[in-house]
Amino acid sequence: MGFRRHGPFRPGDQVQLTDPKDKRHTVTLREGGVFHTHKGSIPHDELIGLPEGSVVRSSNGTPYLAFRHLLRDYAVSMPRGAAVVYPKDAAQIVAMADVFPGARVVEAGVGSGALTCFLLRAAGESGTVTSYERRADFAEVARKNVERFFGPEPDGPVGRWRLVVGDFVDCLDETDVDRVILDMLAPWECVDAAAKALTPGGVICCYVATTTQLSRTVETLREHGSFTEPHAWETLIRDWHVEGLAVRPDHRMVGHTGFLVTARRMADGVLPPPRRRRPAKGAYGEEASNEP
């Protein structure tokens with residue numbers, strides 16, 4: 001049974017309890033169950049039947065705010081096989097790759113399933129998502145996480161999701177794909193397969209961790225000849241403390257988690273226009289700089 005989005009709490013719901021210090025706990029409600037913490041206990045029966053946004057108190061009087069998980073909360077707290085794509089990057093992928101309702105989306109490197117959840121939601125009831133994962137253990141963790149969030153029902157989002165255990169290049173069988181998302185160590189190895197699967201105008205989006213990966217990915221997209229000039233960037237998030245007139249940035253921020261690269265598929269047989277901005281001298285090494 002997946003997360004319900006509205007209505008009073010019911011058995012089986014996952015509820016996020018937040019204490020006055022903003023420490024959060026996830027509880028799966030069951031009749032007769034009890035949530036224990038060093039600040040006291042809370043019987044599940046006291047939560048069942050309450051509307052979201054209620055406040056319950058532990059046995060020692062500590063108040064807890066009760067809400068259902070948002071997807072961003074679930075993504076960072078889900079059990080992990082591989083690292084997750086954090087919400088700040090998942091949001092950028094959905095927006096900058098323009099994942100729309102009805103889109104046919106392919107992702108390679110399913111990880112723990114966090115990005116898959118965002119893609120399934122963005123693709124909507126008429127869209128599909130196919131995920132390729134080389135490691136069977138990672139794929140199983142992702143399957144459980146996606147089904148835990150959406151529910152295993154075939155008429156729900158899971159019914160629009162296909163999980164393939166195998167190499168993206170060897171197993172890819174889709175054509176006329178709208179979006180290809182690559183989250184792996186060597187996305188440049190998959191560029192040719194992605195180009196063959198993408199429909200003209202489709203978007204490829206690569207998520208990489210290091211500058212060396214970023215450089216090789218961008219250069220491979222440029223050299224392939226089927227894509228527009230790649231766009232590369234990263235996002236940084238800084239919260240702000242706001243208390244009356246005391247308004248200042250927090251001392252800590254969510255800095256680098258990864259780089260993103262997007263490019264669009266050109267029509268077959270069409271070459272992208274040459275770049276008007278020439279690379280800096282030495283950008284491609286001394287050998288390239290000395291070529292006549």
Side-chain angles (χ1 to χ4, degrees), residues 78-85 89-90 93-94 97-100 102-124 126-150 152 154 156-209 213 216-217 220-221 223-227 230 258 260-266 268:
M78 63 170 51
R80 302 184 186 185
V84 301
V85 175
D89 295 318
I93 291 169
V94 168
D98 193 32
V99 181
F100 58 91
R104 296 186 64 196
V105 182
V106 169
E107 68 165 336
V110 70
S112 296
L115 179 59
T116 306
C117 290
F118 284 98
L119 294 175
L120 279 167
R121 176 174 282 179
S126 56
T128 61
V129 176
T130 302
S131 304
Y132 291 86
E133 173 56 56
R134 290 178 177 177
R135 292 186 51 169
D137 54 339
F138 287 176
E140 185 58 27
V141 170
R143 183 187 301 280
K144 290 179 180 178
N145 283 334
V146 173
E147 291 185 352
R148 186 178 175 218
F149 186 77
F150 290 113
V158 170
R160 298 182 279 105
W161 180 45
R162 185 165 70 104
L163 177 59
V164 179
V165 178
D167 184 84
F168 175 80
V169 174
D170 296 334
C171 299
L172 181 65
D173 58 5
E174 282 90 354
T175 57
D176 292 325
V177 170
D178 296 300
R179 306 290 184 260
V180 171
I181 316 297
L182 302 178
D183 174 17
M184 55 178 59
L185 289 174
W188 52 87
E189 297 176 352
C190 301
V191 166
D192 189 57
K196 293 175 181 176
L198 277 166
T199 188
V203 178
I204 184 172
C205 180
C206 304
Y207 180 70
V208 295
Q213 290 173 303
R216 189 162 181 183
T217 300
T220 301
L221 287 167
E223 293 170 3
H224 190 272
S226 296
F227 293 96
L260 288 164
V261 180
T262 55
R264 299 195 70 177
R265 176 69 159 85
M266 303 286 292
D268 291 335

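Positions are given from 1 along the sequence.
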Colleague: If you compare all heavy atoms of Ser226 against all heavy atoms of Ala195, which two are closest, and at what distance to 0.1 Å?
Modeller: CB-CB, 4.4 Å
Colleague: Taking all atoms of both residues into account, what is the closest heavy-atom pair of Pro79 and Ser112, and its distance?
Modeller: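 Shortest heavy-atom separation between Pro79 and Ser112 comes out as O-CB, 4.0 Å.
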Colleague: Is the backbone of Trp188 close enough, under 3.5 Å, to the side chain of Arg216 for a donor and an acceptor to pair up by distance?
Modeller: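 Looks like no, no N/O pair under 3.5 Å.
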Colleague: Return the CG to SG distance between Leu172 and Cys190, rounded to the nearest 0.5 Å.
Modeller: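 Those atoms lie 9.0 Å apart.
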Colleague: Which distance, rounded to the nearest 0.5 Å, do you find between the OG1 of Thr130 and the CG of Leu119?
Modeller: 11.0 Å
Colleague: Please report the interatomic distance CD1(Ile93) to CG(Asp98), rounded to the nearest 0.5 Å.
Modeller: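 The CG atom of Asp98 is 13.5 Å from CD1 of Ile93, to the nearest 0.5 Å.
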Colleague: Got a second to check how far Met78's CE is from Arg148's CZ, nearest 0.5 Å?
Modeller: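 Here the interatomic distance stands at 8.5 Å.
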Colleague: Taking it one step at a time, do Val141 and Arg80 satisfy side chain to side chain contact (heavy atoms under 4.5 Å, CB included)?
Modeller: CA-CA 7 Å; Val141 170; Arg80 302 184 186 185; 5.8 Å; no
Colleague: In this structure, are over 12 heavy atoms from other groups packed under 6.0 Å from Arg134 atom CZ?
Modeller: no
Colleague: Could you measure the distance from the OG1 atom of Thr217 to the CG atom of Leu260? Nearest 0.5 Å is fine.
Modeller: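 These two atoms lie 11.0 Å from each other.
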Colleague: Between Ala263 and Pro230, what is the shortest heavy-atom contact and its length?
Modeller: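 It is CB-CA, 4.2 Å.
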Colleague: Which atoms form the tightest heavy-atom contact between Val203 and Leu198, and what is the distance?
Modeller: O-CD2, 3.7 Å
Colleague: Is the backbone N or O of Ile204 less than 3.5 Å from a side-chain atom of Arg265, with the two atoms forming a donor-acceptor pair by type?
Modeller: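 Checking the backbone N and O of Ile204 against the side chain of Arg265, no donor-acceptor pair under 3.5 Å is found.
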Colleague: Show your working on side chain to side chain contact (heavy atoms under 4.5 Å, CB included) between Arg160 and Phe150 and close with a plain yes or no.
Modeller: CA-CA 11 Å; Arg160 298 182 279 105; Phe150 290 113; over 6 Å; no
Colleague: Is there a donor-acceptor pair under 3.5 Å between the side chain of Glu174 and the backbone N or O of Ala197?
Modeller: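 Here the side-chain-to-backbone pair does not exist.
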Colleague: Could you measure the distance from the CG atom of Leu115 to the CG atom of Asp89? Nearest 0.5 Å is fine.
Modeller: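 The CG atom of Leu115 sits 9.5 Å away from the CG atom of Asp89.
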Colleague: Compare every heavy atom of Val85 with every heavy atom of Ala90, then report the nearest pair and how far apart it is.
Modeller: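 Smallest heavy-atom distance, with atoms named: N-CG1, 3.8 Å.
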Colleague: Do the side chains of Leu120 and Phe149 get nearer than 4.5 Å, heavy atoms only?
Modeller: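 The answer is no, as the side chains (C-beta and beyond) never meet within the 4.5 Å cut-off.
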Colleague: Where do Met184 and Ala108 come nearest, in terms of heavy atoms and distance?
Modeller: CE-CB, 3.2 Å
Colleague: Say whether, by atom type as modelled, one donor and one acceptor occur between the side chain of Glu133 and the main chain of Val110 under 3.5 angstrom.
Modeller: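 Here the side-chain-to-backbone pair exists.
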Colleague: Could you check Glu107 against Thr116 for side chain to side chain contact (heavy atoms under 4.5 Å, CB included), going step by step and ending with a plain yes or no?
Modeller: CA-CA 8 Å; Glu107 68 165 336; Thr116 306; 2.3 Å; yes
Colleague: Do the non-hydrogen side-chain atoms of Pro152 and Val158 ever get within less than 4.5 Å of each other?
Modeller: no
Colleague: Please determine whether a side-chain nitrogen of the Lys or Arg among Asp178 and Arg104 lies less than 4.0 Å from a carboxylate oxygen of the Asp or Glu.
Modeller: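 Salt bridge between Asp178 and Arg104, a charged N being under 4.0 Å from a carboxylate O: no.
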Colleague: So which of Val261, Asp192, Val191 actually passes side chain to side chain contact (heavy atoms under 4.5 Å, CB included) with Thr220?
Modeller: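 Passing option: Val191.
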Colleague: Test Val106 against Tyr132 for side chain to side chain contact (heavy atoms under 4.5 Å, CB included), laying out the working first.
Modeller: CA-CA 8 Å; Val106 169; Tyr132 291 86; 3.8 Å; yes
